[in-house]
Amino acid sequence: MKGKKCYDNRELSWLKFNKRVLRLATDKNTPLCERMSFASIFGSNLDEFYMVRVGSLYDQTFFEKLKKENKTGMTAKEQLCCIFEETKKLLKEKDEAYTRLMDEVSMEGVQLITFRDIEKEDKKYLEKYYKQSIKPLLSPQVIGKKSPFPFLNNKEIYAVAVLQTKNTEKLCIVPCSNGVFERLIAIPSDRHKYMLVEELILHFMSDIFEKYTIKSKALIRIIRNADIDIDEDFYDNGISYRESMENLLKVRKKLCPVKMEYSRPLDEKVIKALCKELELKKEQVFYSESPLELSFVFKIRDILRNKKELFYPRKVPKVSEEISNADSMIDLIEQKDIMLSYPYDSMHPFIKLLKEAVNDKRVVSIKMTLYRVAKNSRIVETLIEAAENGKEVVVMVELKARFDEKNNLEWSRRMEDAGCRIIYGIDFVKVHSKICLISYSDNGIVKHICQVGTGNYNEKTAKLYTDLSLMTSNSDIAKEVAATFNKICMEQFVEDTQHLLVAPHSLQNKVLKMIDYEILKVKNGGNGYIGLKMNSLTDKVIIDKLIEASKAGVKIDMVIRGICCLIAGVKGETENITVRSIVGRYLEHSRIYIFGEKGNDKIFISSADFMTRNTLRRVEVAAPVYDENIKVQIRNLFDTLLRDNVNALEMNSFGRYIKVPGTGEIVNSQEL
């Protein structure tokens with residue numbers, strides 16, 4: 001193994017990424033209401049991290065025999081210890097950011113208050129509101145021998161209190177959310193003031209438990225493990241795949257807690273008692289001064305919606321005149337490749353292509369892979385319409401798209417009812433590729449239009465995520481897209497390709513060969529270059545090859561938004577590698593691979609990050625870009641990201657991310 005100084009731990013690298021998200025909550029260059037959103041996103045990110053990654057590590061601690069992570073040599077227990085310590089620091093930063101945000105929000109006329117801040121008349125109103133609208137719906141519980149500790153739902157807020165009697169102390173719990181309560185309660189005397197419903201419930205704990213003395217009280221919220229393997233359930237119980245997924249959704253709600261947060265100081269005995277009931281260790285319990293869940297900030301955004309200066313300026317995705325004026329998308333793509341760059345370009349041309357396929361008598365079939373789709377998906381509605389029009393429609397729906405399973409289940413039923421042929425992929429492997437194949441007969445000759453993308457077929461995220469979508473009639477690419485889809489239908493993998501890179505058998509190995517070729521160029525006296533843009537880099541085999549390339553003198557530029565397990569700029573190891581992360585208005589989601597200098601380069605767009613799960617355990621597709629104009633477009637896009645000095649942070653040789661100096665021309669790559 002190469003020196004550990006070149007590697008960072010995956011989980012700790014992710015926490016650094018979420019810290020970069022939190023940074024935008026305090027960045028004065030970001031409009032106030034957008035900063036509130038980033039504070040909430042930081043919290044929801046952390047929830048999912050604990051549900052998935054910490055949940056997985058927690059499971060490993062029960063089975064591992066000192067098994068160590070392959071880059072930094074840390075055991076699961078060591079990783080958890082570091083994660084818990086870093087979480088404490090991040091939550092403290094979140095509390096500070098929240099306080100500053102709400103100070104600014106109050107200056108804009110919206111104020112969150114507690115009972116300490118309100119007038120006598122408002123107290124009377126809130127007491128009446130509580131007794132009429134909230135108390136009748138509460139389900140309080142005193143914990144005792146005849147009333148065991150209740151099941152606490154994942155991510156929901158509860159009020160807890162210690163009740164004092166003459167002879168003993170008891171713990172009580174009250175759920176603060178039931179789908180009926182409004183989270184923000186308006187104060188009648190001042191339409192600019194609001195109170196959180198959980199604060200109101202907590203205040204009236206003495207009314208709920210009127211025969212007791214309240215010794216201490218607080219709000220708590222738990223996060224449960226959500227890491228569960230559907231395939232094991234599917235095979236062990238011999239049930240249908242769809243039924244297995246429905247079982248997973250039920251089981252996930254009941255998995256063990258991995259984290260608890262609480263507000264207001266609690267007696268150590270109470271924390272110890274809660275830990276015992278929830279089977280948590282003390283290091284998994286975190287104190288927070290700010291509200292335990294921040295999604296209510298989106299209601300505040302709505303209240304402030306008329307103050308345009310508090311939001312990002314409105315941006316409308318464009319449609320080029322060439323496309324909007326085209327009579328036929330199929331005819332246009334037959335003439336030249338077309339690339340859409342979301343969210344700057346509209347998704348409309350791709351939807352237009354699908355709608356055309358629905359009604360074009362030449363079109364025989366539409367085949368597509370779906371991973372995450374919008375709740376009101378025009379794309380899926382179009383596929384349903386195509387099936388009803390008599391076209392063959394084959395859709396690979398990935399039910400294992402985490403936290404989108406329910407949405408995918410519902411769409412799969414609707415498509416099947418309309419006559420689409422639905423398949424659910426390959427055992428133990430997610431199909432993460434973004435491919436669409438439209439086949440048609442032109443004077444007896446079978447032709448294809450295919451699309452390969454970096455992001456999901458999701459109209460909503462296409463306005464929020466940066467992604468690339470290539471539409472081409474190239475017969476070589478179409479042939480390999482068709483082969484990839486057919487292999488998926490047969491629960492098999494593509495073994496080799498000449499044009500596409502297709503994981504799990506024909507992506508990582510080809511990437512390694514292209515890196516080797518850049519190394520060979522340098523050894524022969526030329527220049528080697530690699531440019532990579534992706535969400536995450538964790539694949540150790542590729543990381544080691546990049547380190548080898550750096551040591552050989554290949555220049556490597558990487559734009560990696562999230563996890564990066566390679567540490568750049570380490571003398572004698574990675575000094576020819578730069579790593580920068582751009583976290584801004586849009587979520588940088590596109591994957592770009594560039595091998596070679598301009599004029600002698602190979603460029604791919606891809607659904608795959610360089611993570612082992614993507615390169616070896618998923619079906620992923622990277623498509624080559626052959627059109628010279630599109631290659632120039634992608635190069636310009638990548639070069640603009642490298643010039644960003646507004647949202648870009650660059651990694652130093654200690655693995656820390658440093659603000660790129662704003663010298664010279666100010667470049668906000670996303671705005672540009």
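These values consider heavy atoms only, across backbone and side chains, with no hydrogens, waters or symmetry-generated copies. Starting from 1, each residue takes its place in the sequence as its number. All values reported here derive from a predicted model rather than from experimental measurement.
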Worksheet item: Run the side chain to side chain donor-acceptor pair (under 3.5 Å) check on Thr578 and Asp557 step by step: do they pass?
Response: CA-CA 5 Å; Thr578 63; Asp557 291 319; 2.8 Å; yes
Sub-4.5 Å side-chain heavy-atom contact between [X] and [Y]:
X: Thr369; Y: Val619; result: no
X: Cys565; Y: Lys540; result: no
X: Val373; Y: Ile379; result: no
X: Arg372; Y: Glu398; result: no
X: Ile563; Y: Leu537; result: no
X: Phe350; Y: Met471; result: yes
X: Val452; Y: Lys434; result: no
X: Gln633; Y: Phe638; result: no

Worksheet entry | Test side-chain contact (heavy atoms from CB on, under 4.5 Å) applied to Leu370 and Tyr457, step by step | CA-CA 7 Å; Leu370 294 181; Tyr457 299 108; 3.8 Å; yes
Please check if the side chain of [X] supplies one atom and the backbone of [Y] the other of a donor-acceptor pair under 3.5 Å.
X: Arg580; Y: Leu641; answer: yes
X: Gln670; Y: Tyr586; answer: yes
X: Asn456; Y: Asn458; answer: no
X: Ser581; Y: Leu649; answer: no
X: Ser13; Y: Asn9; answer: no
X: Glu69; Y: Ala76; answer: no
X: Thr497; Y: Leu500; answer: yes
X: Lys659; Y: Asn645; answer: yes
X: Ser433; Y: Ile435; answer: no
X: Ser506; Y: Leu501; answer: no

Flag if over 12 foreign heavy atoms under 6.0 Å of [atom1], [X]:
X: Glu321; atom1: CD; answer: no
X: Lys352; atom1: NZ; answer: yes
X: Tyr344; atom1: OH; answer: yes

Check [Y] with [X], please: is the shortest side-chain N to carboxylate O separation under 4.0 Å?
X: Asp345; Y: Lys318; answer: yes
X: Glu620; Y: Arg613; answer: no
X: Glu650; Y: Arg656; answer: no
X: Glu573; Y: Lys5; answer: no
X: Lys545; Y: Asp516; answer: yes
X: Asp496; Y: Lys510; answer: yes
X: Glu86; Y: Lys16; answer: no
X: Lys521; Y: Glu597; answer: no
X: Asp601; Y: Arg635; answer: yes

Discussion item. Among residues at least two apart in sequence or on other chains, which ones pass side-chain contact (heavy atoms from CB on, under 4.5 Å) with Glu78?
Written reply: Met74, Thr75
Fill in: Geometric cation-pi criterion Lys259 and Tyr50, 6.0 Å radius, 45° cone
yes
Practice prompt. Go through the steps for Met651 and Cys564 under the test side-chain contact (heavy atoms from CB on, under 4.5 Å), then give the verdict.
Written response: CA-CA 10 Å; Met651 184 194 288; Cys564 182; 3.9 Å; yes
Practice prompt. Show your working on side chain to side chain donor-acceptor pair (under 3.5 Å) between Asn614 and Asp609 and close with a plain yes or no.
Written response: CA-CA 6 Å; Asn614 297 87; Asp609 294 313; 4.8 Å; no
Euclidean distance, [Y] [atom2] relative to [X] [atom1], rounded to 0.5 Å:
X: His499; Y: Ile477; atom1: NE2; atom2: CD1; result: 7.5 Å
X: Thr87; Y: Phe84; atom1: OG1; atom2: CZ; result: 7.5 Å
X: Leu642; Y: Thr640; atom1: CG; atom2: OG1; result: 8.5 Å
X: Ser341; Y: Asn636; atom1: OG; atom2: CG; result: 11.5 Å
X: Ser346; Y: Ile351; atom1: OG; atom2: CD1; result: 7.0 Å
X: Ile41; Y: Leu46; atom1: CD1; atom2: CG; result: 13.5 Å

Discussion item. Is it the case that the side chains of Gln498 and Asp476 hold a donor-acceptor pair, with the cut-off being a distance below 3.5 Å and no angle test?
Written reply: no
Worksheet item: Which pairs count as ring pair (Phe, Tyr, Trp, His ring centres under 6.0 Å) when at least one residue sits in residues 459-486, sequence neighbours excluded?
Response: Tyr465-His589
Practice prompt. Could you give me the CA-CA distance, side-chain angles and deciding distance for Asn45 and Trp14, then say whether side-chain contact (heavy atoms from CB on, under 4.5 Å) is met?
Written response: CA-CA 10 Å; Asn45 281 351; Trp14 185 92; 3.8 Å; yes
Discussion item. I want to know whether Tyr657 and Phe17 have ring centres closer than 6.0 Å.
Written reply: no
Item to complete: Take Asp467 and Thr454 through the test side chain to side chain donor-acceptor pair (under 3.5 Å) and record every step on the way to the result.
Response: CA-CA 6 Å; Asp467 271 307; Thr454 68; 2.5 Å; yes
Item to complete: Given side chain to side chain donor-acceptor pair (under 3.5 Å), test Ser469 with Gln451 step by step and report yes or no.
Response: CA-CA 7 Å; Ser469 173; Gln451 180 273 345; 2.9 Å; yes
Fill in: Minimal non-hydrogen separation, Ala552 against Val522, with atom names
O-CG1, 3.0 Å
Worksheet item: Should Thr466 and Lys533 be marked as a side-chain contact (heavy atoms from CB on, under 4.5 Å) after you check the CA-CA gap, both sets of side-chain angles, and the distance that decides it?
Response: CA-CA 11 Å; Thr466 73; Lys533 179 183 183 294; 3.8 Å; yes
Item to complete: Give the intermediate values and the outcome of ring pair (Phe, Tyr, Trp, His ring centres under 6.0 Å) for residues Tyr529 and Phe595.
Response: CA-CA 6 Å; Tyr529 180 79; Phe595 298 96; 9.7 Å; no
Worksheet item: So Glu322 and Lys336, salt bridge (charged side-chain N to carboxylate O under 4.0 Å, His left out) or not? Walk me through it.
Response: CA-CA 11 Å; Glu322 179 185 33; Lys336 59 180 290 186; 3.3 Å; yes
Worksheet item: When Ile556 is tested against each of Ile547, Leu566, Ile515, Ile577 for side chain to side chain contact (heavy atoms under 4.5 Å, CB included), which residue passes?
Response: Ile577
